[in-house]
Trainee: 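For reference, the structure I am asking about is given below.
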Amino acid sequence: MAPSLEVPENIQDVLSSPLKAAPQLIAPEPEHCPGPESEQAGKADSCAGCPNQAICASAPKGPDPEIPLITARLSGIKHKVLILSGKGGVGKSTFTALLAHAFATNEDNTVGIMDTDICGPSIPKMMGVETETIHVSGAGWSPVWVMENLGVMSIQFMLPNRDDAIIWRGPKKNGLIKKFLKDVEWGDMDFLLVDTPPGTSDEHLSVNSYLKESGVDGAVVITTPQEVALLDVRKEIDFCRKAGIKVLGIVENMSGFVCPKCTHESQIFQATTGGARHLAKEMNIPFLGAVPLDPRIGQAADYGESFFDSFPNSPACAALKNVVRRVGEEMGLKPESVLPED
């Protein structure tokens, strides 16, 4: 059922009443600071003489009280997968959209995408629902449904104008991510895919801390072949290990260029250090496959169409299907529950 087109809330009011706000410090944190939310905040030896000592001592401690609410809200979702990279421009959002369409080709699956790229939300455009708005009911916010079994949630649906910039600091971004998890009526789903921005900071820490209790199947890491991309991807894999997130595997995106007319493949981004395959071996994580650079993938994203439906016989489509099946294998799923047989 399609959502109603209502006037969205003002985005400045979305985070009007967080239950747990970060303390407002009056000076920068000093060296060796235990952190304002630490049990030792305001009590450690390094706190002596700090102008923030009284603030930190009275700041809320311990786990976020809303995590049990988030866990209850997400109890009907069987599998949660993070799409990460650390590097911008390697195709995280594109791969998220493709993975969602792939899972949704099985009519028995219900799939959701949570777009946590607050400053650069592109999932609604890729899914063809850029002009939709959020429907709010007594049960919470309803995802925008692309198909009967594929729903999306993004800040893009809250913007008065499609080109409005989101100029927010970390706490506001984290607050909205919490609302996406706590207030959205996700319902019973087979897969929730979380599209993330580049980096290893606020959004990633928030998603991990909020989802930890409800369980995350793991992360799919996206890269391109050149070493400049792999530098940041190594940091993302290290982040996953430190945060306790299982790395389901790494995908080498834009791995060569396939001409749409002659289907000849050329290497656009040279894998000077061995590319994702070598990195996977080096860091002892699964290599999920390589997807060639096909201009029609970008074309499908621009028009909000499914690449699997539009170009089912392309080499890129065949490569993507292999990657999707490998993701399913790493999650311990039966092949027929991931992609129907060709």
Side-chain angles (χ1 to χ4, degrees), residues 1-5 73-83 91-117 121-137 139-158 180-181 183-196 207 211 216-217 220 222 251 296-312 316-317 320-321 323-325 327-328 331 333-342:
M1 180 178 179
S4 65
L5 301 179
R73 175 68 89 172
L74 303 180
S75 61
I77 300 175
K78 296 178 182 177
H79 304 287
K80 307 173 193 71
V81 180
L82 310 182
I83 312 299
K92 294 182 299 299
S93 297
T94 303
F95 183 79
T96 303
L98 291 166
L99 186 59
H101 276 300
F103 285 152
T105 55
N106 184 337
E107 295 180 356
D108 293 332
N109 288 336
T110 303
V111 185
I113 302 178
M114 189 176 79
D115 186 1
T116 63
D117 193 344
S122 54
I123 287 293
K125 176 70 173 178
M126 293 180 176
M127 306 305 290
V129 289
E130 187 181 21
T131 60
E132 300 287 351
T133 58
I134 297 172
H135 175 73
V136 181
S137 68
W141 299 356
S142 297
V144 171
W145 292 96
V146 180
M147 302 185 297
E148 288 187 359
N149 64 337
L150 176 54
V152 177
M153 179 54 65
S154 172
I155 193 174
Q156 183 69 43
F157 303 134
M158 304 176 185
F180 281 174
L181 293 168
D183 294 342
V184 174
E185 186 187 6
W186 293 107
D188 293 332
M189 282 189 168
D190 295 278
F191 302 96
L192 177 64
L193 308 179
V194 181
D195 182 37
T196 63
V207 168
L211 290 180
V216 176
D217 286 67
V220 176
I222 314 296
V251 178
R296 295 171 295 184
I297 294 179
Q299 179 183 339
D302 283 347
Y303 287 103
E305 299 174 352
S306 169
F307 181 73
F308 293 98
D309 294 338
S310 301
F311 305 102
C317 187
L320 281 164
K321 287 182 177 179
V323 169
V324 171
R325 291 189 179 100
V327 171
M331 295 170 64
L333 303 177
K334 296 180 179 179
E336 60 272 15
S337 68
V338 178
L339 270 178
E341 293 295 328
D342 293 331

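Sequential numbering from 1 along the given sequence is applied to the chain's residues.
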Trainee: Grab the two heavy atoms, one from Gly140 and one from Arg73, that are nearest each other, plus how far apart they are.
Mentor: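 Scanning both residues, the minimum pair turns out to be CA-NH2, 4.3 Å.
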Trainee: Hey, could you give me the CZ/CG distance between Arg325 and Leu320, rounded to the nearest 0.5 Å?
Mentor: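 Arg325 atom CZ to Leu320 atom CG measures 11.0 Å (nearest 0.5 Å).
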Trainee: Would you find a donor on one side and an acceptor on the other, under 3.5 Å apart, between the side chain of Trp186 and the backbone of Phe180?
Mentor: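 Present.
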Trainee: Looking at CG of Leu150 and CE of Met189, how far apart are the two atoms once the value is rounded to the nearest 0.5 Å?
Mentor: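 Atom-to-atom, Leu150:CG and Met189:CE are 8.0 Å apart.
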Trainee: Taking Asn106 for its side chain and Leu339 for its backbone only, find out whether a donor-acceptor pair lies under 3.5 Å.
Mentor: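 It does not hold such a pair.
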Trainee: Look at the side chain of Thr196 and the backbone N and O of Ile83, then say whether any donor-acceptor pair between them is shorter than 3.5 Å.
Mentor: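 Yes; judged by distance alone, with no hydrogens or angles, the pair exists.
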Trainee: Tell me the closest heavy-atom pair linking Trp141 and Val136, and the distance in Å.
Mentor: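 That would be CD1-CG2, 3.9 Å.
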Trainee: Has Asn109 got a side-chain atom pairing as donor or acceptor with Asn149's backbone, closer than 3.5 angstrom?
Mentor: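 A pair under 3.5 Å: no.
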Trainee: Please examine the side chains of Leu98 and Ile297, heavy atoms only from C-beta on, and report whether any two atoms are closer than 4.5 Å.
Mentor: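 Sidechains of Leu98 and Ile297: in contact.
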Trainee: With a 4.5 Å limit on heavy-atom distance, are the side chains of Asp117 and Ser122 in contact?
Mentor: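 No - every pair of side-chain heavy atoms lies 4.5 Å or more apart.
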Trainee: Which atoms form the tightest heavy-atom contact between Asp217 and Lys78, and what is the distance?
Mentor: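 Looking at all heavy atoms of both residues, the shortest contact is OD1-O, 3.9 Å.
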Trainee: Which class fits the ring pair Phe103 and Phe191: parallel under 30°, tilted 30 to 60°, perpendicular over 60°?
Mentor: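 It falls in the parallel class, under 30°.
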Trainee: For residues Phe308 and Cys317, report the shortest heavy-atom separation together with the two atoms involved.
Mentor: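 What the structure gives for the nearest pair is CD2-SG, 3.7 Å.
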Trainee: From Asp108 CG over to Glu336 CD, what is the distance, rounded to the nearest 0.5 angstrom?
Mentor: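 The CG atom of Asp108 sits 10.5 Å away from the CD atom of Glu336.
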Trainee: Apply side-chain contact (heavy atoms from CB on, under 4.5 Å) to the pair Leu82 and Leu211, showing each step before the final yes or no.
Mentor: CA-CA 10 Å; Leu82 310 182; Leu211 290 180; 4.2 Å; yes
Trainee: Rounded at 0.5 Å granularity, tell me how far OH in Tyr303 sits from CE in Met126.
Mentor: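 Atom-to-atom, Tyr303:OH and Met126:CE are 15.0 Å apart.
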Trainee: Is there a side-chain contact between Met158 and Ile134 (heavy atoms, below 4.5 Å)?
Mentor: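 Yes, at least one pair of side-chain atoms sits under 4.5 Å.
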Trainee: Are any of the side-chain heavy atoms of Val327 and Val338 separated by less than 4.5 Å?
Mentor: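 No; the side chains remain at least 4.5 Å from each other.
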Trainee: Heavy atoms only: give me the nearest Glu132-Phe157 pair and the separation to one decimal.
Mentor: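 Scanning both residues completely, I find the closest heavy atoms to be O-CD2, 3.4 Å.
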Trainee: Nearest 0.5 Å please: distance from the NE2 atom of His79 over to the CG atom of Leu192.
Mentor: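 One gets 12.0 Å once the value is rounded to the nearest 0.5 Å.
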Trainee: Can you find a pair of side-chain heavy atoms, one from Val184 and one from Pro143, that are under 4.5 Å apart?
Mentor: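 In contact.
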Trainee: Given 3.5 Å as the limit, does a donor-acceptor pair link the side chain of Asp190 with the main chain of Thr110, or not?
Mentor: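 Yes, Asp190 side chain to Thr110 backbone: donor-acceptor pair under 3.5 Å.
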Trainee: For a quick test of reading the model, state the closest non-hydrogen atom pair linking Met147 to Ala104 and the distance between them.
Mentor: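 Shortest heavy-atom contact: CE-CB, 3.6 Å.
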Trainee: Out of Asp195, Ile123, Val111, which one pairs with Val152 under the side chain to side chain contact (heavy atoms under 4.5 Å, CB included) rule?
Mentor: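 Going through Asp195, Ile123, Val111 one by one, the side chain to side chain contact (heavy atoms under 4.5 Å, CB included) with Val152 is satisfied by Ile123 alone.
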Trainee: CG of Leu181 to CE of Met114: how many Å apart, nearest 0.5 Å?
Mentor: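 The CE atom of Met114 is 4.0 Å from CG of Leu181, to the nearest 0.5 Å.
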Trainee: With side-chain contact (heavy atoms from CB on, under 4.5 Å) as the test, would you mind laying out the steps for Ile113 and Met127 before giving the verdict?
Mentor: CA-CA 10 Å; Ile113 302 178; Met127 306 305 290; 4.1 Å; yes
Trainee: Going by heavy atoms in the side chains, are Arg296 and Ser310 under 4.5 Å from each other?
Mentor: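 Not in contact.
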